[in-house]
Visitor: 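Have a look at the structure that comes next, please.
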2 protein chains.
Amino acid sequence: MPGRPAITLDRSSPIPLYFQVAEQFEAAILSGAIAPGDRIDNEVDLARDLGLSRPTMRQAIQTLVDKGMLVRKRGVGTQVVHGKVRRSVELTSLYDDLARAGQEPRTEILHLRRSPADEETAQELRVAEGAEVWSLERLRFVGDEPLALMRNYLPIGLIDLAGADLEHHGLYATLRRSGILIRVARQRIGCRRATTAEATRLRERRGSPLLTMQRTAYDDAGQAVEFGRHAYRPELYSFDLTLVER
Amino acid sequence: MPGRPAITLDRSSPIPLYFQVAEQFEAAILSGAIAPGDRIDNEVDLARDLGLSRPTMRQAIQTLVDKGMLVRKRGVGTQVVHGKVRRSVELTSLYDDLARAGQEPRTEILHLRRSPADEETAQELRVAEGAEVWSLERLRFVGDEPLALMRNYLPIGLIDLAGADLEHHGLYATLRRSGILIRVARQRIGCRRATTAEATRLRERRGSPLLTMQRTAYDDAGQAVEFGRHAYRPELYSFDLTLVER
DNA sequence: GACCTTTTAATGTCAGGACAATTGCTTGAC
DNA sequence: GTCAAGCAATTGTCCTGACATTAAAAGGTC
């Protein structure tokens with residue numbers, strides 16, 4: 001029946017206070033210290049007891065509401081949502097995802113070269129059709145099984161991929177280390193039959209269903225940074241997402 | 001070069017001020033009155049000119065940032081994101097989606113009955129295995145083409161589906177009208193071959209790839225109110241989503 | 001001209017307060 | 001006993017103010 005976890009604040013830390021509070025609430029929820037369905041204490045009391053202002057406390061709770069872990073009801077209170085919280089689709093690469101899950105991913109670079117952009121790629125990256133772009137094709141494994149075939153296109157001049165260690169760090173981590181921060185991405189998830197070439201690479205039969213994802217990512221200047229066409233083996237991969245009504 | 005659209009505020013309206021501002025900014029962006037890449041005026045000036053406080057103005061901008069339409073950069077400003085804003089995955093039903101797109105959807109109810117919950121359904125809805133739940137199966141058309149086969153399971157007692165007009169209103173609208181508000185939903189998107197029964201219903205060949213979506217929806221009390229297993233024809237449907245880094 | 005420092009401008013964080021709106025419960029009348 | 005009015009609890013909205021942090025631009029020095 002704890003209406004709140006034990007929370008310690010470090011005011012000298014550069015980590016924002018609302019974030020510290022949110023983190024510790026999240027840990028308490030994930031560990032089960034606060035059970036699903038439990039009501040947490042009201043904002044005013046929490047703020048007073050922690051020595052915070054109410055807006056700061058509200059901001060902490062809001063971040064968890066946005067994550068789908070808490071639900072607020074005016075006149076009632078704030079509750080922990082039922083149902084285990086699956087990881088939602090995030091702005092991270094598959095490599096990061098797998099590494100976090102401890103699955104030991106491995107990447108094989110099939111090719112990395114400069115080539116003219118096809119029509120769709122040019123449109124997504126906002127370059128002229130036929131203009132040169134980086135073209136990267138990779139095959140990702142979990143253990144010995146091929147998992148995904150990934151084709152990425154990046155505008156030239158943004159980054160020099162030739163020297164990047166793409167086998168060990170993932171595309172997004174490579175971009176981050178070059179100071180390129182992805183802020184917005186638009187994805188389209190679909191499904192189609194494997195081509196012969198895809199089937200060979202992924203060790204599937206020709207015509208097997210593949211889960212596909214197209215993504216265009218934009219940096220914090222709103223510029224298109226990456227366009228990708230990926231294909232996943234559906235027995236090994238799916239997209240989990242949490243939707244929250246505002 | 002407009003740093004802002006013309007904004008009118010109605011302080012007597014029950015619609016929150018921050019929402020009024022966000023709506024009008026959104027309209028200006030969608031209409032192209034503010035072009036992608038344009039920087040909008042800074043928060044302080046906007047707040048002053050509109051006669052609002054800065055937190056309110058910030059809240060307005062934040063809602064659009066959350067939607068992926070704007071990007072903020074500390075020390076720099078706030079910009080309109082490039083790339084047309086596709087509809088993101090929202091907490092609405094397919095019926096709502098299609099109706100909004102003016103596609104004239106049509107729904108055929110294949111069956112609506114009470115039946116014992118299988119293991120997965122029972123777990124998702126948090127009822128005992130074998131307990132009775134509503135079982136609803138529908139086939140959705142766009143024009144003459146079957147688009148999706150939808151199987152939904154709802155706990156009994158929450159709502160009486162027997163009298164609902166599911167052919168014309170969609171499941172979520174029906175729930176809304178009964179005072180049940182969906183606040184959080186978890187989805188898993190995948191892909192597999194069609195079974196014979198599915199292929200017949202969807203006018204596909206047996207073994208054709210189908211896009212699948214599993215969803216569990218929770219109301220504002222955190223209770224599971226719906227579990228669904230849907231299958232879509234991949235030539236006619238895909239999932240678009242916008243991801244935003246927080 | 002290249003490089004470092006300072007300035008400036010913008011968003012990020014936080015405080016404290018006030019009132020509104022909604023909900024659920026209690027109390028009272030019938 | 002039942003129903004409705006009132007009340008208390010809780011989140012929603014909005015205000016004013018302050019300082020911190022970051023990034024780009026401007027300026028000065030070598």
Visitor: Side chains of A:Arg140 and A:Thr107: donor-acceptor distance under 3.5 Å anywhere?
Guide: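 A pair is found: one side chain offers a donor N or O, the other an acceptor, under 3.5 Å apart.
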Visitor: Please report the distance, rounded to the nearest Å, between CZ in B:Arg58 and C1' in D:dT16.
Guide: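 Rounding to the nearest Å, CZ of B:Arg58 and C1' of D:dT16 are 16 Å apart.
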Visitor: Tell me: CZ of B:Arg39 to P of C:dT11, nearest whole Å?
Guide: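 For the pair B:Arg39 CZ and C:dT11 P, the rounded distance is 8 Å.
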Visitor: Rounded off to whole Å, could you give me the CG-to-C1' distance for the A:Asn42 and C:dT23 pair?
Guide: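 From A:Asn42 CG to C:dT23 C1': 14 Å.
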Visitor: Please encode protein proximity along nucleotides 18-25 of chain D as a string of B, S and -, counting only heavy-atom distances under 4.0 Å.
Guide: B--BBS--
Visitor: Expressed as a whole number of angstroms, how long is the span from B:Gln62:CD to C:dA10:P?
Guide: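 About 19 Å, once rounded to whole Å.
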Visitor: Check whether any side-chain nitrogen or oxygen of A:Arg72 sits under 4.0 Å from OP1 or OP2 of D:dT10, and answer yes or no.
Guide: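 So the side-chain polar atoms of A:Arg72 never come under 4.0 Å of the phosphate oxygens OP1 or OP2 of D:dT10.
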Visitor: Is the backbone N or O of B:Asn42 less than 3.5 Å from a side-chain atom of B:Asp45, with the two atoms forming a donor-acceptor pair by type?
Guide: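 A pair under 3.5 Å: no.
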Visitor: Would you mind telling me which residue lines up with the more 5' stretch of DNA chain C, B:Glu43 or A:Met57, judged by nearest nucleotide?
Guide: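 Per heavy-atom nearest nucleotide, the more 5' residue is B:Glu43.
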Visitor: For A:Arg11, which contact category applies under a 4.0 Å heavy-atom criterion: base, sugar-phosphate, or nothing?
Guide: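 The answer is sugar-phosphate, as A:Arg11 gets under 4.0 Å only of primed atoms, P, OP1 or OP2.
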Visitor: Stepwise, does the side chain to side chain donor-acceptor pair (under 3.5 Å) test hold for B:Glu226 with B:Tyr218?
Guide: CA-CA 7 Å; B:Glu226 182 246 343; B:Tyr218 303 85; over 6 Å; no
Visitor: Hydrogens and angles aside, do B:Asn152 and B:Arg138 bring a side-chain donor and acceptor to less than 3.5 Å of each other?
Guide: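 Yes, because at least one side-chain N or O of B:Asn152 sits under 3.5 Å from a partner of the opposite role on B:Arg138.
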Visitor: C:dT13 C1' sits how many Å from A:Ile15 CD1, rounded?
Guide: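 Atom CD1 in A:Ile15 sits about 14 Å away from atom C1' in C:dT13.
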Visitor: For A:Asp118 and A:Thr121, test the side chains for any donor-to-acceptor distance below 3.5 angstrom and give the result as yes or no.
Guide: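 There is such a pair (donor and acceptor under 3.5 Å, judged by atom type) between the side chains of A:Asp118 and A:Thr121.
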Visitor: If I take atom CG in residue A:Asp10 and atom P in nucleotide C:dC14, what distance separates them, rounded to the nearest angstrom?
Guide: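 Whole-Å distance recorded here is 12 Å.
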Visitor: Please collect all side chain to side chain donor-acceptor pair (under 3.5 Å) contacts where either partner lies in residues 12-28 of chain A, sequence neighbours excluded, each pair once.
Guide: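 Listed once each, the pairs are A:Asp10-A:Ser12, A:Glu26-A:Lys67.
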Visitor: Establish, yes or no, whether the cationic atom of A:Arg114 lies under 6.0 Å from the six-membered ring centre of A:Trp134 and within 45° of the ring axis.
Guide: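 Yes, A:Arg114 lies over the aromatic ring of A:Trp134.
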Visitor: Whether A:Thr56 contacts C:dA15 is assessed here as follows: a side-chain N or O lying under 4.0 Å from the phosphate OP1 or OP2. Is that the case?
Guide: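 So the side chain of A:Thr56 is within the cut-off, an N or O lying under 4.0 Å from OP1 or OP2 of C:dA15.
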Visitor: What's B:Pro16 touching, base or sugar-phosphate or nothing? Going by heavy atoms closer than 4.0 Å.
Guide: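 Sugar-phosphate: the residue B:Pro16, judged by heavy atoms under 4.0 Å, touches backbone atoms but no base.
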Visitor: If you check the B:Tyr18 side chain, which of C:dT13, C:dT11, D:dT13 turns out closest?
Guide: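 Minimum distance to the B:Tyr18 side chain belongs to D:dT13.
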Visitor: Would you mind reading off the distance between B:Gln59 atom CD and D:dC15 atom P, rounded to a whole angstrom?
Guide: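 To the nearest whole Å, that distance equals 10 Å.
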Visitor: Between B:Arg48 (CZ) and D:dC14 (C1'), how many Å, whole number?
Guide: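 In whole Å, D:dC14 C1' lies 19 Å from B:Arg48 CZ.
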Visitor: Mapping B:Thr78 and A:Ser53 to their closest nucleotides on DNA chain C, which lands nearer the 5' end?
Guide: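 Residue closer to the 5' terminus by nearest nucleotide: B:Thr78.
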